[in-house]
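Structure record follows, encoded as structure tokens.
This structure is a prediction, so every number in the text was calculated from the model and none was measured.
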Amino acid sequence: MAEVYALTEREAEVLGILARGHGLGRVQEVLFIAEGTAITHRRHIYQKLDVHSKAELIDLVSGFGDDGIDDD
């Protein structure tokens with residue numbers, strides 16, 4: 001999915017967390033990044049995937065099936 005939407009490696013990591021229903025707090029915790037950085041990554045992901053909410057994001061990722069995100 002990251003290749004299809006030209007996501008950076010870090011954006012793909014953030015996507016994996018958000019797509020599981022977690023919020024920015026979890027992104028910050030797992031990736032050891034500041035709130036502003038997490039917000040910026042989310043904004044870029046939403047723009048690239050043309051989604052406007054977490055629900056839209058999850059729906060889109062679920063449409064990719066097992067190939068959508070990495071479970072690591």
Query - N/O donor-acceptor pair under 3.5 Å between Glu29 side chain and Arg26 backbone - result: no
Report summary line: Rounded to the nearest 0.5 Å, the CD atom of Gln47 sits from the NE2 atom of His44 at a distance of 5.5 Å
Requested in this report: Group every Ile, Leu, Val, Met, Phe, Trp and Tyr by side-chain heavy-atom contacts under 4.5 Å, then state whether Ile45 and Val30 land in the same group.
Outcome: yes
Query raised in the report: What's the shortest heavy-atom distance between Gly21 and Lys54, and which atoms?
Result: O-NZ, 3.3 Å
Report task. Locate the shortest heavy-atom distance separating Leu15 from Met1; write the atom from each residue and the value. Result -> CD2-SD, 4.1 Å
Query raised in the report: Going through the distances and angles, do Leu31 and Ile17 end up as a side-chain contact (heavy atoms from CB on, under 4.5 Å)?
Result: CA-CA 10 Å; Leu31 300 179; Ile17 297 167; 4.0 Å; yes
Report task. Evaluate the criterion side-chain contact (heavy atoms from CB on, under 4.5 Å) for residue pair Val61 and Leu18; output intermediate values, then yes/no. Result -> CA-CA 10 Å; Val61 171; Leu18 295 176; over 6 Å; no
Report task. Measure from the side-chain N and O atoms of Thr37 to the backbone N and O of Ile33, and report whether any donor-acceptor pair falls under 3.5 Å. Result -> no
Query raised in the report: What's the shortest heavy-atom distance between Glu56 and Asp50, and which atoms?
Result: OE1-O, 4.2 Å
Query - Distance in Å, Thr40 OG1 paired with Arg10 CZ, rounded so as to fall on 0.5 Å steps - result: 12.5 Å
**Report entry** Lys48 to Tyr5 - nearest heavy-atom pair and separation
**Finding:** O-CD2, 3.5 Å
Query raised in the report: Which atom names give the shortest non-hydrogen contact between Gln28 and Ala38, and what distance separates them?
Result: CG-CB, 4.0 Å
Query raised in the report: If Ile, Leu, Val, Met, Phe, Trp and Tyr residues are connected whenever their side-chain heavy atoms lie under 4.5 Å apart, and connections chain through other members, are Val51 and Leu7 in the same group?
Result: yes
**Report entry** Any side-chain heavy-atom pair of Arg42 and Leu24 under 4.5 Å
**Finding:** yes
Query raised in the report: Would you say Leu57 and His52 make side-chain contact, with heavy atoms under 4.5 Å?
Result: no
